Structures are given as C-alpha cells and as structure tokens.
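In what follows, a structure is listed as structure tokens, so that the remarks can point back to it.
Computed from a predicted model, the values in this text were never measured in an experiment.
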Amino acid sequence: MGSSIARYTVVLGALLLAAAGPLAAQDSETNPWQLRLRGLAAVPDEEATISVIGGDVEVDDAYVPELDISYFLSDQVALELVLATAEHNAVAVQTSLGAVDLGSVWLLPPTLVLQYHFLPAGAFQPYLGAGINYTIFYNTELP
C-alpha cells in the first residue's frame, strides 16, 4: 500500500509541476496561485527508552521532495498547503540483545500555513507563517 501511495504522490506532483509553468508565466496580480517544489528534512526527535531489555530507540532521518501550493488571499496574506511523504526506520540500540530492528513506517504530514508577506513586491520577499499539521502514519511494517 505504501509504495502505491508514494507512486500516486509522485504522479500528482508531476502533474502539478506540469501545470506550474503556465501558472508562473501569468501575471501575479491576476493569478493568486503559486506552486513550488522544495526539499524537506524530516528529522524525528525521538525520546524513548526500553525498560525490559534496556536501550534507546533511534529513528532515521529522511530527506524528500516537497510540493507546496499557495493561494494568495491578498498581496500580503496567503494560505499554503505543504505536501510530502517520507519513510522512517526504527531500531532499538544499546539493548541487552544488541541492536533490534523495530520496523518502518511511512508518514504523510500535510500542513496548512497562514502566511504574512512583509514585502510582496520586492526582489526579496520574506514572510512569517504559522500553521496546523496532522500527520498520517501508513504502511507500517514490523520485523
């Protein structure tokens, strides 16, 4: 299931990127949409200890492409939807049994951000954003 979701995500991203050319070519005053492709680092901050066999849990980092779609409500205010998916592997380390594979999981953390753009017409366009996230875990594989 996880590979098919990842495949659909890649296809959706490719289709949206194909549409991005015509969107970017239009005048920003008449087109409120913006599409971007960026890199995303999913860096878990795990804090788990294992009491029965001792040790700690380590979860690997993931570096993945990310697609975001922004809609400008005005020159200075926009809503942004951030889309990416990543796989993480977990291992119990420093246990009495040595390293123990705990399995893997894919996550999809869609995030909706409200942005305020300070200098919308400048060459440098800083903005401040705050948003909400709901992470969906899928394709969990246990050893």
Side-chain angles (χ1 to χ4, degrees), residues 1-26 28 31-143:
M1 177 177 160
S3 63
S4 63
I5 291 175
R7 191 174 312 121
Y8 291 129
T9 303
V10 169
V11 170
L12 175 62
L15 291 172
L16 288 172
L17 286 174
L23 287 176
Q26 295 177 2
S28 62
N31 183 11
W33 294 95
Q34 180 182 61
L35 294 172
R36 294 184 291 191
L37 181 64
R38 302 184 289 194
L40 177 73
V43 184
D45 183 17
E46 69 278 348
E47 293 184 25
T49 56
I50 303 167
S51 59
V52 177
I53 59 174
D56 296 310
V57 175
E58 288 185 359
V59 180
D60 64 351
D61 299 340
Y63 302 91
V64 297
E66 174 257 315
L67 174 69
D68 71 72
I69 304 164
S70 295
Y71 181 78
F72 283 80
L73 303 169
S74 71
D75 285 346
Q76 293 184 297
V77 179
L79 289 173
E80 175 188 43
L81 180 61
V82 179
L83 302 167
T85 187
E87 180 182 22
H88 292 282
N89 297 297
V91 177
V93 295
Q94 300 174 346
T95 74
S96 60
L97 302 174
V100 178
D101 180 19
L102 299 176
S104 65
V105 64
W106 281 84
L107 58 95
L108 174 68
T111 305
L112 182 63
V113 178
L114 178 65
Q115 301 174 337
Y116 178 77
H117 293 255
F118 298 101
L119 305 169
F124 177 65
Q125 299 178 0
Y127 64 88
L128 180 65
I132 58 173
N133 163 271
Y134 180 78
T135 301
I136 301 163
F137 297 89
Y138 66 97
N139 201 28
T140 303
E141 292 186 16
L142 301 175

Using atom types as modelled, flag every donor-acceptor pair under 3.5 Å from a side chain in residues 50-59 to any protein atom, sequence neighbours excluded.
none

For this session: For residues Leu73 and Tyr71, determine if any side-chain heavy atom of one lies less than 4.5 Å from a side-chain heavy atom of the other.
Result: yes
Seminar exercise, completed: Between the CG atom in Leu81 and the CG atom in Leu35, the distance rounded to the nearest 0.5 Å is 10.5 Å
Problem set entry | Contacts of type ring pair (Phe, Tyr, Trp, His ring centres under 6.0 Å), residue His117, not counting sequence neighbours | Phe72, Tyr127
Problem set entry | Pro109 backbone acceptor or donor facing Thr111 side chain under 3.5 Å | yes
Problem set entry | Under 3.5 Å: donor-acceptor pair, side chain of Thr85, backbone of Leu107 | yes
For this session: Would you name the heavy atoms of Thr95 and Ala92 that are closest together and state the gap between them?
Result: CG2-CB, 3.8 Å
For this session: Sequence neighbours left out, what passes ring pair (Phe, Tyr, Trp, His ring centres under 6.0 Å) with Phe137? Give chain and number order.
Result: none
Exercise. Can you name the side-chain hydrogen bond (donor to acceptor under 3.5 Å, both in side chains) partners of Tyr116, sequence neighbours left out?
Worked result: Gln76
Exercise. Taking atom CG of Leu128 and atom CG of Leu114, what is their separation to the nearest 0.5 Å?
Worked result: 9.0 Å
Exercise. Between Asn139 and Val105, does a side-chain contact (heavy atoms from CB on, under 4.5 Å) hold up when you go through it step by step?
Worked result: CA-CA 6 Å; Asn139 201 28; Val105 64; over 6 Å; no
Problem set entry | Closest non-hydrogen atom pair between Tyr134 and Pro110, with its separation | O-CD, 3.2 Å
For this session: State, to 0.1 Å, how close Glu66 and Leu40 come at their nearest heavy-atom pair, and which atoms those are.
Result: CB-CB, 3.8 Å
Exercise. Roughly how far, to the nearest 0.5 Å, is the CH2 atom of Trp33 from the CD1 atom of Ile69?
Worked result: 7.0 Å
For this session: Sorted by first residue and then second, give each salt bridge (charged side-chain N to carboxylate O under 4.0 Å, His left out) pair with at least one member in residues 100-127; sequence neighbours left out.
Result: none
For this session: Return the minimal non-hydrogen interatomic distance between Ala42 and His88, and the atom names on each side.
Result: O-CE1, 3.4 Å
Exercise. Is a side-chain donor or acceptor of Asp60 paired with a backbone partner of Asn89 at a separation under 3.5 angstrom?
Worked result: yes
Exercise. Which heavy atom of Ala62 sits nearest a heavy atom of Glu87, and at what distance?
Worked result: CB-O, 3.8 Å
For this session: Measure the spacing between OG1 of Thr135 and CG of Leu108 and express it to the nearest 0.5 Å.
Result: 8.0 Å
Problem set entry | Set of residues satisfying salt bridge (charged side-chain N to carboxylate O under 4.0 Å, His left out) with respect to Glu80, sequence neighbours excluded | Arg36, Arg38
